[in-house]
Amino acid sequence: MAKKTFQRPKGTADILPDQVYQWQKIEAVARTLFDRYGFGEIRTPIFENFEVFARSAGDTSDVVTKEMYDFDDKGDRHMALRPEGTAGVVRAYCENKLYGPEHEKPYKVFYMGPMFRYERPQAGRFRQFHQIGAEAFGSNSPALDVEMIAMVVDYLKNLGLKNLTVAINSLGDAQSRAQYRQALIDYLKPHFDELSSDSQIRLEKNPLRVLDSKAPQDQAIVAQAPSILDFLSSSSAEHWQAVQILLDQLNVSYEIDSSMVRGLDYYNDTIFEIMTNDESLSGAATIAGGGRYSGLVEEFGGPATPGVGFAIGVERLLSLLAAQGQLPACQTDVDFYIVNIGDEAQVASLAVTQQLRYLGYKAQRDYLDRSAKAQFKSANRIGARFVITIGASELEKGVVALKNMASGQQHEISLNELAEAVPTIMQAASQGE
RNA sequence: GCGGUAGUGGUGAAGUGGUUAACACACUGGUUUGUGGAUCCAGCAUGCGAGGGUUCGAUCCCCUUCUACCGCCCCA
């Protein structure tokens with residue numbers, strides 16, 4: 001009878017050291033770049049009261065209606081694992097009164113971490129996934145919208161990604177959207193029977209969603225539908241124009257997609273997505289998305305404060321980097337590998353290994369009493385630059401055998417002088433490369 | 001939540017209702033009683049996702065379940 005084994009929960013992943021190395025690289029790039037744009041990192045809880053998400057995302061959004069990873073805790077509180085980052089950040093913004101006069105405006109923060117959505121895993125989609133996101137509060141300036149878009153583009157370029165499309169659209173303000181919504185319904189109603197069954201339901205619940213249906217019969221109808229851009233109020237239209245002008249100024253290329261609708265209900269005015277046409281991510285082409293929202297801070301009890309934000313899907317980003325051959329190379333280089341032969345060499349090899357580490361070098365040794373050959377194989381495999389061999393004969397002479405793995409040359413060096421000699425040895429080896 | 005495909009060792013995989021589950025890579029040991037990317041030799045799945053059932057007998061047939069992958073919905 002085999003022992004009971006365990007599997008990780010559906011839709012989750014173990015991220016092993018070699019991968020974590022890649023993660024840390026792209027996280028580091030984000031940290032330094034976002035810092036340059038004046039964003040500070042914020043860390044909010046991974047779970048919140050269910051209401052925090054329900055209220056922000058909107059009652060008709062799928063995130064709330066069927067994808068929430070929620071549970072009741074031991075105090076009968078209805079909690080939920082965060083499905084996205086914005087709600088928690090807005091909650092923290094209000095709770096910590098970051099709208100206060102002592103804080104610089106706009107108030108800019110970024111975050112990175114796991115998000116949870118209870119859904120069926122598939123390409124680029126997991127139950128636990130990760131986002132790198134940013135939010136800025138307290139300014140209505142279209143320049144801020146543009147800065148957010150530019151920052152994402154800057155970031156992705158820094159990582160070496162190519163062939164990305166920036167799609168933008170405007171959802172207008174509440175008034176614009178209400179008018180458009182009615183116009184859209186008026187247009188779609190006569191075509192009701194031609195729509196896919198999904199879209200027939202959408203028409204009832206959230207007509208804007210019909211716009212990004214993938215069903216061919218829907219797309220044909222949608223193509224003739226009125227555009228929201230024709231329903232923008234004067235202030236929204238002005239904002240929309242300014243965003244385009246500023247993007248042009250920055251030479252950020254973009255496409256206007258008037259049928260783009262984002263999944264969360266809180267957006268208004270500018271929304272954007274960064275998409276790839278890479279086939280490996282065909283079902284999950286959006287690697288980053290965001291937009292402007294107002295009303296959210298108010299909803300959480302703060303003063304009326306506009307916000308803009310975006311989130312990047314880390315798993316999608318990573319798989320796109322892999323597809324484009326841009327994953328940062330994993331460095332496994334080790335400075336020293338200490339080969340020890342025989343019981344009498346154990347103490348000395350431990351001492352030497354530690355000595356080298358104290359000096360700031362990466363040093364590894366064998367713990368399995370393996371043959372010298374096997375130990376050299378390990379040294380070779382992990383890319384050790386030098387091998388130090390310690391056995392009975394070396395101990396007798398008070399020396400250590402030092403071998404340069406690249407040149408194959410080996411010479412003895414006094415155990416006492418090792419610490420002093422190592423820096424020049426390392427330097428000489430680096431110059432020889 | 002719905003639909004499709006799949007699940008054999010550390011990895012990639014072949015395979016059949018019936019005594020020893022190919023092959024390759026990796027790994028370990030040996031050839032060299034203490035020296036690395038080569039050659040050669042040897043070892044390496046009492047088990048074929050899990051649990052039931054059919055059968056004299058199942059990894060191969062049936063059911064259930066879990067997981068992965070792909071698609072819908074939706075989204076990062």
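Order of the sequence lines sets the chain letters (A, B, ...), proteins ahead of strands, with each chain counted from 1. We use all heavy atoms of the structure for the numbers below, so side chains are in, but hydrogens, waters and symmetry mates are not.
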Give the nucleotide from the list rG37(B), rU35(B), rG34(B) with an atom nearest to the side chain of Q410(A).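 Of rG37(B), rU35(B), rG34(B), rU35(B) is nearest to the side chain of Q410(A).
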Closest to the F126(A) side chain, choosing from rG29(B), rA76(B), rG34(B):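 Closest nucleotide to the F126(A) side chain: rA76(B).
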Quiz item: [X] side-chain donor-acceptor pair to [N] base, under 3.5 Å:
X	N	answer
E119(A)	rA76(B)	yes
K377(A)	rG37(B)	no
R125(A)	rA76(B)	no

Using the [atom1] atom in both, what is the distance from [N] to [M], to the nearest Å?
N	M	atom1	value
rC2(B)	rU64(B)	P	14 Å
rG29(B)	rG71(B)	P	45 Å
rC63(B)	rC25(B)	C1'	38 Å
rU20(B)	rG4(B)	P	39 Å
rU11(B)	rA50(B)	P	14 Å
rG1(B)	rU54(B)	P	31 Å
rC44(B)	rU33(B)	C1'	25 Å
rA45(B)	rG15(B)	C1'	14 Å

Once you apply a heavy-atom cut-off of 4.0 Å, does [X] come out as touching a base, just sugar-phosphate, or nothing?
X	result
E394(A)	base
G124(A)	base
T389(A)	base
G133(A)	nothing
R120(A)	base
K373(A)	base
G85(A)	nothing
A374(A)	sugar-phosphate
I287(A)	sugar-phosphate

Let me check I have this right: for RNA chain B, each base becomes ., (, ), [, ] or |, based on Watson-Crick or G-U pairs with both distances under 3.5 Å. What is the full string? ((((((((.[[[..)..(....]]].((((.........)))).....[[[[[..)....]]]]])))))))....
Both I312(A) and S393(A) contact RNA chain B. Which one's nearest nucleotide lies toward the 5' end?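 By nearest-heavy-atom nucleotide position, the 5'-most residue is S393(A).
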When you match N380(A) and F129(A) each to their closest nucleotide on RNA chain B, which lands nearer the 5' end?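 Result of the comparison: N380(A).
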Interatomic distance, [X] [atom1] vs [N] [atom2] [rounded to whole Å]:
X	N	atom1	atom2	value
D366(A)	rG29(B)	CG	P	9 Å
I201(A)	rG1(B)	CD1	C1'	12 Å
E27(A)	rA76(B)	CD	P	19 Å
N206(A)	rC73(B)	CG	P	15 Å
D14(A)	rU67(B)	CG	P	14 Å
E396(A)	rG34(B)	CD	C1'	14 Å
Q122(A)	rU5(B)	CD	C1'	14 Å
R127(A)	rG1(B)	CZ	C1'	11 Å

Any donor-acceptor pair under 3.5 Å from [X] side chain to [Y] backbone:
X	Y	answer
D14(A)	L16(A)	no
Q22(A)	Q19(A)	no
N169(A)	M260(A)	yes
R55(A)	E299(A)	yes

Apply ring pair (Phe, Tyr, Trp, His ring centres under 6.0 Å) to F192(A) and list each qualifying residue two or more places apart in sequence or on a separate chain.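 F192(A) satisfies ring pair (Phe, Tyr, Trp, His ring centres under 6.0 Å) with no other residue.
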Does a nitrogen or oxygen in the side chain of K403(A) sit under 4.0 Å from OP1 or OP2 of rU35(B)?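 No, because none of the side-chain N or O atoms of K403(A) sits under 4.0 Å from OP1 or OP2 of rU35(B).
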When you check the phosphate oxygens OP1 and OP2 of rC27(B), does a side-chain N or O of R381(A) lie under 4.0 Å from one of them?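 True: R381(A) side-chain N/O within range (under 4.0 Å) of rC27(B) OP1/OP2.
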So, are K108(A) and E147(A) salt-bridged, with charged N and O less than 4.0 Å apart?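 Result for this pair is yes, salt bridge flagged.
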Among I42(A), L98(A), L296(A), which one satisfies side-chain contact (heavy atoms from CB on, under 4.5 Å) with V89(A)?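 Of the listed options, the one satisfying the test is I42(A).
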Compute whether any side-chain donor of one residue and acceptor of the other, for D173(A) and S176(A), lie under 3.5 angstrom apart.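 Their side chains do contain a donor-acceptor pair, which is all the 3.5 Å distance test asks for.
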Strictly by modelled atom types, are T389(A) and E394(A) linked by a side-chain donor-acceptor pair under 3.5 Å?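 Side chains of T389(A) and E394(A): no pair found under 3.5 Å.
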Taking the six-membered ring for Trp, are the ring centroids of F47(A) and F116(A) within less than 6.0 Å of each other?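 No: the rings miss the under 6.0 Å criterion.
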